[in-house]
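Order of appearance sets the numbers: ligands from 1, and atoms from 1 within every ligand. Keep in mind that the numbers below use all heavy atoms, side chains included, and drop hydrogens, waters and symmetry copies.
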Amino acid sequence: MKLFNTLTQSLEDFVPIDNTVRIYVCGVTPYDTTHLGHAFTYVSFDTLIRYLEHRGHTVRYVQNVTDIDDDIIRKSKELGLAWDELGHRETTRFLRDMDSLNVRRPDVYAKATEEIANIVTIVQGLIERGHAYVNDNCVFYSIKSDPDFGVMARSIGLNNYDAMLAIANERGNFPNDPRKHDPLDFVLWQAQAPGEPAWESPWGPGRPGWHIECSAMSMHYLGEQIDIHGGGSDLAFPHHTCEIAQSEHYTGKAPFSRFWLHTGMVYQDGEKMSKSLGNLTLVSNLLKDYTPDTIRVVLQQHHYRMPWECFPADLQGAAHIVETFAQVRALVGRDAQGENEMLRSRFKAAMENDLNTPEAILLLKEAAEHTLATHDLNAGAEILRLTSVLGLCV
Ligand SMILES: [Zn+2]
């Protein structure tokens, strides 16, 4: 199977080292409800996982929940809720939305606040190895200690320090923090601010930085080296770039992940769908008007790496495809046993080509229309088997 590796910017043969495929996907920060951009990422990885299992692999899947960070603290103050109450409420909503879309739950759904001890161990190790420093009860990763820093950034076109710094600043970096030796150094442990939750550490009470959380959880639950690390394309830099640096310098083993897969951004009204812009299509609202299968199909009609915008006509088109599959189900019944080798091999060719779900959906749609015209029960049974590989519940 070929997958596009962001790190090498090329399609590579994905060959598991053993029968277990270890996948880590960066999860949500639970302070607001699930939008279509989240759904695109998690349905895309769900489809990949289902396909790998269909291929006969065992998949071990870990996802994190960033249940403490600046946004949660800010939002909980706005709402007058305890930070952990907000996190718990929004995590429950996220899982309910994902369950509705038939997204398989991860084997481990790891919370940052439950990983503090492991995070402290790794941060301590980075200090001992000369890659991090303590200043004013905070710990920072030292970019200058790491000549390799930015391999992932360079692969996505951020070719020099200034290019990296400009994007980092857009994505939450504080370049003028006087405690940092270099504007691009990033926080591994931040000292407690007045009134904020904190955990004990060798550097005083505080909380972990975001990047280190994912390294710690990935290593804890999947080992020091994994097969696939994924997330939205806006995570490639700085988040995943920082994860690679700190993980590989802590373990002394490279690569931290053999493949890096990134999903395209979803747009609305010409802008990236984001909480900060408020241009959100919420999954819970879409589910009032469309079935889970329709939403999955509209997501799968877009290749996972491509940015796209969702228009009402697309949802109506997807609803029509799902109706066609339902008619095939009505034709062949629940216990259909037939097979169609040609259809199966064409489906496989699409999916093995960097998970080309748009081609797979088109293939199944045309096959379904043909089946309804010809009453070919063998093809009908095969279509329904393959829709279930895509996670549809026809
Ligand atoms: Zn992450």
Side-chain angles (χ1 to χ4, degrees), residues 5-7 22-32 34 37-38 40-42 44-46 48-49 60-72 87 90-91 94 98 103 105-116 118-119 122-123 126 141 149-153 155-156 164 167-168 170-173 186-190 207-251 255-265 274-275 304:
N5 189 349
T6 306
L7 204 53
R22 298 157 200 82
I23 301 184
Y24 185 97
V25 177
C26 291
V28 291
T29 301
Y31 70 97
D32 224 325
T34 318
H38 298 127
F40 187 50
T41 292
Y42 300 113
S44 295
F45 283 103
D46 180 62
L48 173 65
I49 288 165
R60 182 158 164 82
Y61 177 29
V62 176
Q63 195 186 120
N64 66 306
V65 50
T66 304
D67 60 344
I68 183 70
D69 89 334
D70 292 344
D71 289 321
I72 292 181
E90 294 302 327
T91 301
F94 170 72
M98 291 300 108
V103 169
R105 286 203 179 187
D107 297 296
V108 180
Y109 193 53
K111 292 180 178 161
T113 55
E114 293 173 1
E115 292 294 317
I116 303 293
N118 291 319
I119 292 170
I122 296 169
V123 173
L126 287 168
Y141 186 87
F149 183 81
V151 174
M152 172 76 85
S155 72
I156 58 164
M164 284 195 277
I167 298 296
E170 279 177 22
R171 295 179 178 168
N173 182 46
F186 58 90
V187 69
L188 298 169
W189 186 265
Q190 55 191 36
R207 57 189 166 95
W210 171 39
H211 310 313
I212 196 71
E213 170 193 321
C214 284
S215 290
M217 293 181 187
S218 183
M219 285 184 217
H220 181 183
Y221 297 105
L222 295 171
E224 292 178 340
Q225 294 179 285
I226 68 171
D227 300 293
I228 297 173
H229 194 120
S233 62
D234 55 348
L235 297 186
F237 182 83
H239 186 53
H240 291 160
T241 303
C242 297
E243 276 191 52
I244 290 171
Q246 65 204 6
S247 303
E248 294 183 358
H249 282 292
Y250 175 71
T251 63
F256 170 46
S257 178
R258 295 197 298 126
F259 278 73
W260 290 84
L261 267 57
H262 291 101
T263 50
M265 295 290 107
S274 72
K275 289 170 186 172
Y304 77 89

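Closest approach of L188 and Q246 over heavy atoms only: CD2-OE1, 3.4 Å. Across L126 and Y250, no two heavy atoms sit closer than the pair CD2-N, 3.9 Å.
At least one donor-acceptor pair under 3.5 Å links the side chain of N64 to the backbone N or O of G27.
Taking distances strictly below 2.8 Å, the protein N/O/S atoms close to the Zn ion (ligand 1) are C26 SG, C214 SG, H239 NE2.
Salt-bridge check for R22 with D107: failed, with every basic side-chain N at 4.0 Å or more from each acidic carboxylate O.
The side chain to side chain contact (heavy atoms under 4.5 Å, CB included) test with L235 is passed by exactly one of E243, H240, M152: H240. Applying the side chain to side chain contact (heavy atoms under 4.5 Å, CB included) test between Q63 and each of Y221, F45, Y24, Y109 identifies Y109 as the sole match.
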